[in-house]
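Just so it is clear, the values below take in all heavy atoms, side chains as well, and ignore hydrogens, waters and symmetry mates. Each ligand, and each atom within it, is numbered from 1 in the order the structure gives.
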Amino acid sequence: MSRYNNMVKTELLSQPVYQPGKPIDYVARDLGLDPNTIVKLASNENPLGASPLGIAAGKAAIEDIHLYPDSGCYELVKALSSWCGVEMDQLIVGNGSNEILELIGHALIGEDDEVVIGQGAFIVYKLVTMLFGGKAVEVPTLEHRHDLNGMREAITSRTKVVFLASPDNPSGSANANQDIIDFAESLPDSVLFVFDGAYSEYLDDPPDLRPLIERGKPVFCTRTFSKIFGLAGLRIGYGFGDPELVALLNRAREPFNVNAVAQAAALASLEDRQWLDDCRKANAQGRTALENRISALNIEYIKSSANFVTVRVGNGIEAFEWMQKDGVIARPLAPYGMREWIRISVGKEYENERAIASLTSYLNR
Ligand SMILES: *Cc1c(COP(=O)(O)O)cnc(C)c1O
């Protein structure tokens, strides 16, 4: 027991600790491997990297790094406004979309408020809820997909927020567009529906919740530059919704929350449509290849709509450790209550093959 236990807020002590995907250098050091031979498929990063235009813009922005960044991210917000088809005052940019999720906690979630999430949903929803003293109400999934009817039924007069990601992480499954829209429509106006579109760029036809926002439904959408845009290391994401809500979230936001390099790189990346298309195509190919190889191993996997595949391997931690010794970093899903599963991000072709080879040797051990 730490001597700070009596000093810190009690909600902090009951929080689960987020376990990020292991960085390559850690694994190399721990296992005595050459970092250059390690394949990291643990955090759903873009295996092709960021757009070369984005990288060039980030490098150029370094030259002026003695200046504070634009706190309102004017140029980026302007570009996002046309990218998303919303007004500029509907947008907020954050230090990763994770920060935006936390701003929602700051602004909306308090002691004993209920927050409805799907079981095994992205763990940050639970962390944010608990951090602000709220109670996460977890609704069991149906065949690895969020049960929207069940989530609707879990709403009470205490519910403040509902978080939903589709495609979901770590399952990779998606709910049907119309089901998501009907679900949003069915929620009482006292509940904010936060729709996390971290993987929406991987969908051919992502759900469009803008008409609901326009009609005054409390709906807020988050997106990120960490996944298909390949800027995870810069930490930048955004959200859009009603201008009044955005103004309130801005009150909770610290000034200069998004650094200048991230703003420049994100802006240039948005303009590189070709890169985005190429990455989307490469992911679709890689994902199909990975799913086919997994299928041939006769083990269960969840049909993915994102840039990773979630696989039932028996003992997730054991398989993860086995693969790690082979220099392949996957993600065990025990923290999500999926002890038998691991998640493998779609990598380059040779990376996917390394993962399959290692998984095969684990299964044949
Ligand atoms: C990766 C991910 C995010 C993005 O987080 P950032 O803070 O923007 O890097 C958000 N939601 C889900 C479901 C994710 O998987």
(request) Could you tell me if any non-hydrogen atom of Ser97 lies under 4.0 Å from any atom of ligand 1? (result) yes

(message) Take a 6.0 Å sphere around CZ of Arg365 and say whether it holds more than 12 heavy atoms from other residues, nucleotides or ligands.
(response) yes

(message) Restricting to side chain to side chain donor-acceptor pair (under 3.5 Å), what partner residues turn up for Glu351, sequence neighbours left out?
(response) none

(message) Among all protein heavy atoms in this structure, tell me which lies nearest to atom 2 (C) of ligand 1, with the distance rounded to 0.1 Å.
(response) Lys227 NZ, 2.4 Å

(message) Give me the nearest non-hydrogen protein atom to atom 7 (O) of ligand 1 as residue plus atom name, then the distance to 0.1 Å.
(response) Arg235 NH2, 2.7 Å

(request) Answer yes or no: are there more than 12 heavy-atom neighbours, outside Asp204 itself, under 6.0 Å from its atom CG? (result) no

(message) Could you check whether Glu143 pairs with Lys303 (Lys NZ or Arg NE/NH1/NH2 to Asp/Glu carboxylate O, under 4.0 Å)?
(response) no

(request) Measure the distances from the heavy atoms of Asp196 to every atom of ligand 1 and state whether one is below 4.0 angstrom. (result) yes

(request) Name the option, out of Phe229, Tyr238, Phe122, Tyr199, that contains the heavy atom nearest to atom 15 (O) of ligand 1. (result) Tyr199

(message) Please check if the number of heavy atoms outside Glu318 that lie under 6.0 Å from its CD is greater than 12.
(response) yes

(message) Closer than 4.0 angstrom, basic N to acidic O: yes or no for Asp189 and Lys217?
(response) yes

(request) Please work out whether any backbone atom (N, CA, C, O) or any side-chain heavy atom from C-beta onward of Asn98 is under 4.0 Å from ligand 1, and answer side chain, backbone, both or neither. (result) both

(request) May I ask you to check if ligand 1 and Glu99 share an N or O to N or O distance below 3.5 Å? (result) no

(request) Give the C-alpha distance, both sets of side-chain angles, the deciding distance and a yes or no for side chain to side chain contact (heavy atoms under 4.5 Å, CB included) between Ile104 and Val194. (result) CA-CA 9 Å; Ile104 289 169; Val194 178; 3.7 Å; yes

(request) For atom 9 (O) of ligand 1, grab the closest protein heavy atom and report residue, atom and distance to one decimal in Å. (result) Ser226 OG, 2.6 Å

(request) Check each atom of ligand 1 against the heavy atoms of Ala198 and keep those under 4.0 Å away; list them by number with element. (result) 2 (C), 3 (C), 10 (C), 11 (N), 12 (C), 14 (C)

(request) Check each heavy atom of Phe225 against ligand 1 and say whether those closer than 4.0 Å belong to the side chain, the backbone, both or neither. (result) neither

(message) List ligand 1 atoms under 4.0 Å from Asn169, heavy atoms only on the residue side.
(response) 13 (C), 14 (C), 15 (O)

Donor-acceptor contacts under 3.5 Å from residues 121-131 side chains, at least two apart:
residue	atom	partner	partner atom	Å
Tyr125	OH	Asp196	OD2	2.7
Thr129	OG1	Tyr125	O	2.6

